[in-house]
2 protein chains.
Amino acid sequence: MYINLLGYVCLFKRKCKNLLHKCRILLNYSVKKITALSKNMTKSKIPKPAIERLCTLYRFLDMCEEEGTTCISSAQIEKQLHIGSHNVRKDISYLNLSCSGSGGYNIKKLKSQIAAQLGFTQPQNICIVGLGRLGTAILAHERIAESEYNLAAGFDSNINKLETIRTRVPVFPSYEIESVVRQMNITLAIIAVPADAAQSVADKLIGAGIRGIVNFAPVVIKTGKSGVFINNVDILGKLNLLTALLKANSSEIYQ
Amino acid sequence: MYINLLGYVCLFKRKCKNLLHKCRILLNYSVKKITALSKNMTKSKIPKPAIERLCTLYRFLDMCEEEGTTCISSAQIEKQLHIGSHNVRKDISYLNLSCSGSGGYNIKKLKSQIAAQLGFTQPQNICIVGLGRLGTAILAHERIAESEYNLAAGFDSNINKLETIRTRVPVFPSYEIESVVRQMNITLAIIAVPADAAQSVADKLIGAGIRGIVNFAPVVIKTGKSGVFINNVDILGKLNLLTALLKANSSEIYQ
DNA sequence: TATTTGCTGTGAAATATTTCACAAGTCATT
DNA sequence: AATGACTTGTGAAATATTTCACAGCAAATA
């Protein structure tokens, strides 16, 4: 049997280097950990899937409230949202609160508690880049106006188009993105431009200090900057997912 | 110390009933399990998060292919998609294939393998309900035309509007949903109607045998029928999610 | 008042998913 | 051919998430 001995020596050397590197990392990590602990930064982490579910729940509660319902039980939520009642209760328990009354949760209370924990209380300024059909459709979205988000600006690269748009939202040419975003303190953005323009728009937005992007363009937006969150809503991707789930036939709902 | 003894007796009785119920369920379950095993239904399950990532990857590979790239490594994918390279490799390993060449995966091969495993090979007929700004924007989506999905029909309740829409996709009034969906063998649907009409439209679609729905209306669609997959794309929900993630400051990307 | 029902909240157990470490392979360079 | 710098693929370990079971209430009912 032939053994590549020198290959192994090489491997060994590399491992030593890796080890050294890891020692350095570990040292760094320890220091950070100790600092964090000493500052008592024990942020009780909510699992990400739970955060997603809570967002859906929040939207749902909003709907219920409009319809005039005041109370809802975890069992009812299970029926409507296809989230197991165990799961619902657990998710809510992460919030460390209690808003149970007779017949389940008090919707108003629960909603405000979720809002407080997830940070929906402070109104945020948002903007839309790309005022084509999709962009203007979002501009006209009735519920955004009623929400905790303030649609502060719209952008489009076609200056002639800007004048034809009838909306109460102030609109600007795309080259003003950076200055307007900074001036108006806009934190979230919605991208609704064609695929080829999406990445450069995203770069501008991130450069201007945007913290989160919902991207409707059919490309995957990349970001080098950490702390910026991107949510790619690609319709073909969604269709693909449905196809795949149908084939795998796992659970029924995907939010 | 006061003990509610009778309460406990009652609890005990309830537990006995529950136990009996569970025995029945267990019996059923066992029978099913044995049948399944005997039929060798060992469908090697891909975890749902992995399926989601593979869908994103598939879209991304499509993009790369258009740009003319032929090979890509897991490390490069990590940089672009913010999915850890370990994770990428693991996900791909669920597919039980090997398409590695020099310098990483062969894009064309990998793409076709994902398509085969996730069921993207057979073209599917899809339809859009609601031809407002959002609906027509989707109708005009260039990439859908090039994709494995065939946009077979559009529906709107406003009959007068139908005549004004210029598109190659055949359009019908909403009351024909059931018959057209059945006739054309449409399996997936996109809902782009106002919030108040969404649920009734969904019910019609599901009644007609639709298997999956992408819902852009800002409500959570419910389904009693199992085997129907619903993907609610609520823009306010997405914004909420970004806000919550920013507050929690967990990872950076959410697809 | 006695009993029953229905509900939440939550540690602990069970399960699912991600990360890790490394064998094994390919190719370019010395 | 020796070496080094890249890969992937994958069991096993580590971690995260979900599910379960039930105490503990509150309200409804007999």
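Residue numbers start from 1 in every chain, and the chains themselves are labelled A, B, ... in the order their sequence lines are given, proteins ahead of strands. This structure is a prediction, so every number in the text was calculated from the model and none was measured.
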Margin query: Can you confirm whether the side chains of A/N87 and A/E78 place a donor and an acceptor under 3.5 Å from each other?
Written below: no

Note to self: Quick one: does any side-chain atom of A/S147 pair with a main-chain N or O of A/Y149 as donor and acceptor, under 3.5 Å?
What the structure shows: yes

Notebook entry, point to check: Expressed in angstrom and rounded to an integer, what is the separation of A/L110 atom CG from C/dT8 atom C1'?
Noted result: 12 Å

Check: Over how many whole Å does the gap from A/K48 atom NZ to C/dT17 atom C1' extend?
Finding: 13 Å

Check: Want to settle it: does A/R89 or A/P49 sit nearer the 5' end of DNA chain D, counting the closest nucleotide to each?
Finding: A/P49

Check: Just how far, in rounded Å, is P of C/dG6 from NZ of A/K79?
Finding: 12 Å

Notebook entry, point to check: Is any side-chain nitrogen or oxygen of A/Y94 closer than 4.0 Å to OP1 or OP2 of C/dT10?
Noted result: no

Next item on the list: Grab the CD1-C1' distance between A/I83 and D/dT17 for me, whole Å please.
Entry: 14 Å

Next item on the list: Specify the residue among B/Q76 and B/H86 whose closest nucleotide of DNA chain D lies further upstream toward the 5′ end.
Entry: B/Q76

Next item on the list: Starting at atom CG of A/D91, determine the distance to atom C1' of D/dC20, rounded to an integer number of angstrom.
Entry: 15 Å

Next item on the list: Using atom CD of B/E78 as one end and atom P of D/dT8 as the other, report the distance to the nearest whole Å.
Entry: 11 Å

Check: So does A/N87 get a side-chain nitrogen or oxygen closer than 4.0 Å to the phosphate oxygens (OP1/OP2) of D/dT17?
Finding: no

Checklist line | Separation of B/S74 OG from B/I92 CD1 (nearest 0.5 Å) | finding: 7.5 Å

Check: Would you say the side-chain atoms of B/N215 pair up with the backbone N or O of B/V219, donor to acceptor, closer than 3.5 Å?
Finding: yes

Check: Can you tell me how far C1' of D/dT8 sits from CD1 of B/I77, to the nearest Å?
Finding: 11 Å

Next item on the list: To the nearest Å, give me how far apart OH (A/Y105) and P (D/dA27) are.
Entry: 16 Å

Notebook entry, point to check: To the side chain of B/K90, which of C/dT18, D/dT19, D/dT7 is closest?
Noted result: C/dT18

Next item on the list: For D/dT18, take OP1 and OP2 only and decide whether either is under 4.0 Å from a side-chain N or O of A/R53.
Entry: yes

Item checked: Nearest-neighbour nucleotide for the A/S73 side chain, D/dG9, C/dT8, D/dT17 considered -> C/dT8

Notebook entry, point to check: Which value, rounded to the nearest 0.5 Å, describes the distance between B/L241 atom CG and A/R53 atom CZ?
Noted result: 12.0 Å

